[in-house]
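The structure displayed is predicted, hence computed values, not measured ones. We count residues from 1, following the sequence as given.
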Amino acid sequence: MSGHEEGNPVVVTGDVKVLDHRALNRSLLARQLLLERSAMPAGRAVAHLVGMQAQAPNPPYIGLWTRLAGFRIEDLASLVRNREVVRVGLMRGTIHLVTADDCVALRPVLQGALRQGLKGAFGRKLEGLDVEKVAELGRELVERGPLTLGGLGTLLAERWPDRDPFALANAVRNLVPLVQVPPRGLWGESGQAVHTSAEAWLGRPVAGLAAPDLMVERYLAAFGPATVKDIQVWSGMTRLADAVNRLRPRLAVFRDENGRELLDLPEAPRPDANTPAPVRFLPEFDNILLSHADRARILTEEQHKLVFTRNGLIRSTFLVDGFVAGVWRVEQTRGAAVLVLEPFGTLRAGDRAALTEEGGRLLAFATASAASREVRFA
């Protein structure tokens, strides 16, 4: 069981509807393409989701497989090789897989937050340094030839030998849109990430400074209904109230069970709270778990402690009735692949059967070369 109790889906208070966590869950699943697999192409899905968090190369492939009908590894790999999607630091300062269009459009919107993040993480180590000059030299270096962050830091330290090379490299990463070039981002490829500038890789400039209004609307399309704080948690930005207020005349307004204001696009899908939700497997770092201040619409606080590890990892999870119900991993030895499921509570027989069936499909996708495959409950 998910640990969430069924409640009254919608309560009307005055002229404002109150959406409970189940109603919010079904809205989120619909927008995240998790109520039913979508026929949209991979690139369009990446754009619809406003990117996919991508610290490791493989999770976005699993994330698209679980959302798209007939998705193949090559569907995304070809986009990476053809520079139609790129891996770049964006929301929350983390690596995201986004379309080339979103790379050049979103990076300027988020630049202020990335600059603040640099101060928070490396302010003391960069104190008194003209970071704009560091960024200028860093851009020149990576455009001569792609570099790892370590290699970039080493070269920058030749100019600033009294500074921490890692801090210097991160100054460039936060101030210059650095994209990770293939083979990074290709399924099953290992090795360190190497970087060049988005402008050099894509052959076009990033957009000028932009207001966050369109980004807010796109967030709502993929993650709403949501509070202003939710949008800030997802983006890593602060002070978004002005943008929201500019949009407010064309937004729908709701309340959650705690009385917080929820904003949404009027025509966005808001399915009935009792809409059936199939079991689904989510990869590590899936944005559905990272994009709200209050995550009750997808997992409980106790589950949060089991999914978010102390060393910053977000474990692969599976959904039952739309809510997180456990974590999973794949173990491979000598040609055998085992999908190990660790439920957070007792599962009904029907849910175990559905997870076993869907897990078999996951193994067929993710471990195509395995001689034998098995789904096992821990």
Taking atom types as modelled, find out whether [X] and [Y] have a side-chain donor-acceptor pair closer than 3.5 angstrom.
X	Y	result
Thr275	Asp272	no
Asn245	Arg248	yes
Gln192	Arg184	no
Gln111	Arg115	no
His96	Arg87	no
Glu143	Ser197	yes
Gln55	Gln53	yes

If I take atom [atom1] from residue [X] and atom [atom2] from residue [Y], how far apart are they, to the nearest 0.5 angstrom?
X	Y	atom1	atom2	value
Ser38	Gln32	OG	CD	12.0 Å
Lys119	Leu114	NZ	CG	13.0 Å
Leu155	Leu168	CG	CG	11.0 Å
Tyr219	Ile231	OH	CD1	6.5 Å
Asp101	Glu84	CG	CD	10.0 Å

(request) Check the pair Arg44 / Val46 against side chain to side chain contact (heavy atoms under 4.5 Å, CB included), numbers first and verdict last. (result) CA-CA 5 Å; Arg44 184 178 160 201; Val46 172; over 6 Å; no
(message) Looking at Glu74, I'd like to know if its CD atom is crowded, meaning that more than 12 non-hydrogen atoms belonging to other residues, nucleotides or ligands lie closer than 6.0 Å.
(response)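 Atom CD in Glu74 is crowded, with more than 12 foreign heavy atoms closer than 6.0 Å.
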(request) Determine whether more than 12 heavy atoms belonging to other residues, nucleotides or ligands lie under 6.0 Å from atom CZ of Arg361. (result) yes
Is the backbone N or O of [Y] less than 3.5 Å from a side-chain atom of [X], with the two atoms forming a donor-acceptor pair by type?
X	Y	result
Thr94	Met91	yes
Thr66	Ile62	no
Glu217	Leu265	no
Asn58	Gly188	yes
Arg124	Gly120	no
Asn170	Phe166	yes
Glu189	Leu186	no
Asp75	Arg72	yes
Ser27	Ala23	yes
Asp264	Ala252	no

So do the side chains of [X] and [Y] get within less than 4.5 Å of each other, counting heavy atoms only?
X	Y	value
Arg373	Leu339	no
Val172	Val134	yes
Arg173	Leu149	yes
Asp256	Val18	no
Pro212	Met237	yes
Leu263	Thr227	no
Pro225	Leu19	yes
His195	Pro146	no

(message) Parallel, tilted or perpendicular, judged at 30° and 60°: which one describes the rings of Phe223 and Trp234?
(response) tilted
(request) For the residue pair Phe365 and Phe71, categorise the inter-ring angle as parallel (less than 30°), tilted (30 to 60°) or perpendicular (more than 60°). (result) tilted
Identify whether the distance between the nearest side-chain nitrogen and carboxylate oxygen of [X] and [Y] falls below 4.0 Å.
X	Y	value
Arg260	Asp294	yes
Glu342	Arg315	yes
Glu199	Arg107	no
Glu358	Arg37	yes
Asp102	Arg218	yes
Glu301	Arg295	no
Asp20	Arg26	no

Atom of [X], atom of [Y] and distance for their closest heavy-atom approach:
X	Y	answer
Leu251	Val244	CD1-O, 4.4 Å
Asp230	Ala293	OD1-N, 2.7 Å
Val142	Thr196	O-OG1, 3.1 Å
Lys125	Asp164	NZ-OD2, 3.2 Å
Val80	Gly185	CG2-O, 3.8 Å
Leu97	Pro60	CD2-CB, 3.8 Å

(request) Could you pull out all residues at least two apart from Glu267 that satisfy side chain to side chain donor-acceptor pair (under 3.5 Å)? (result)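 For Glu267 there are no side chain to side chain donor-acceptor pair (under 3.5 Å) partners, ignoring immediate neighbours.
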(request) List for me each residue that meets side chain to side chain donor-acceptor pair (under 3.5 Å) alongside Asp286, sequence neighbours excluded, and say none if there are none. (result)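 Counting only residues at least two positions away or on another chain, Asp286 forms a side chain to side chain donor-acceptor pair (under 3.5 Å) with Arg67.
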(request) Linking directly or through intermediates, with side-chain heavy atoms under 4.5 Å: list the remaining ILVMFWY members grouped with Val340, chain and number order. (result) Val338
(request) Under the side chain to side chain contact (heavy atoms under 4.5 Å, CB included) rule, what do Cys103 and Leu202 come out as? Steps first, then yes or no, please. (result) CA-CA 10 Å; Cys103 175; Leu202 299 176; 4.3 Å; yes
(request) Output, in order, the C-alpha distance, side-chain angles, deciding distance and verdict of side chain to side chain contact (heavy atoms under 4.5 Å, CB included) for Val327 and Leu341. (result) CA-CA 6 Å; Val327 295; Leu341 280 63; over 6 Å; no
(request) Please name all residues satisfying salt bridge (Lys or Arg N to Asp or Glu O under 4.0 Å) with Glu136, sequence neighbours left out, ordered by chain then number. (result) none
(request) List for me each residue that meets ring pair (Phe, Tyr, Trp, His ring centres under 6.0 Å) alongside Phe377, sequence neighbours excluded, and say none if there are none. (result) none
(message) Applying ring pair (Phe, Tyr, Trp, His ring centres under 6.0 Å), can you list everything that pairs with Phe318, at least two apart in sequence or on another chain?
(response)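 Ring pair (Phe, Tyr, Trp, His ring centres under 6.0 Å) list for Phe318, sorted by chain: empty.
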(message) side chain to side chain contact (heavy atoms under 4.5 Å, CB included), that's the test. Do Arg297 and Phe323 meet it? Break it down for me.
(response) CA-CA 8 Å; Arg297 70 185 69 193; Phe323 295 93; 5.6 Å; no
(request) Spell out, yes or no, whether Val50 and Ile288 are grouped together once hydrophobic residues are joined by side-chain heavy atoms under 4.5 Å, including indirect joins. (result) yes
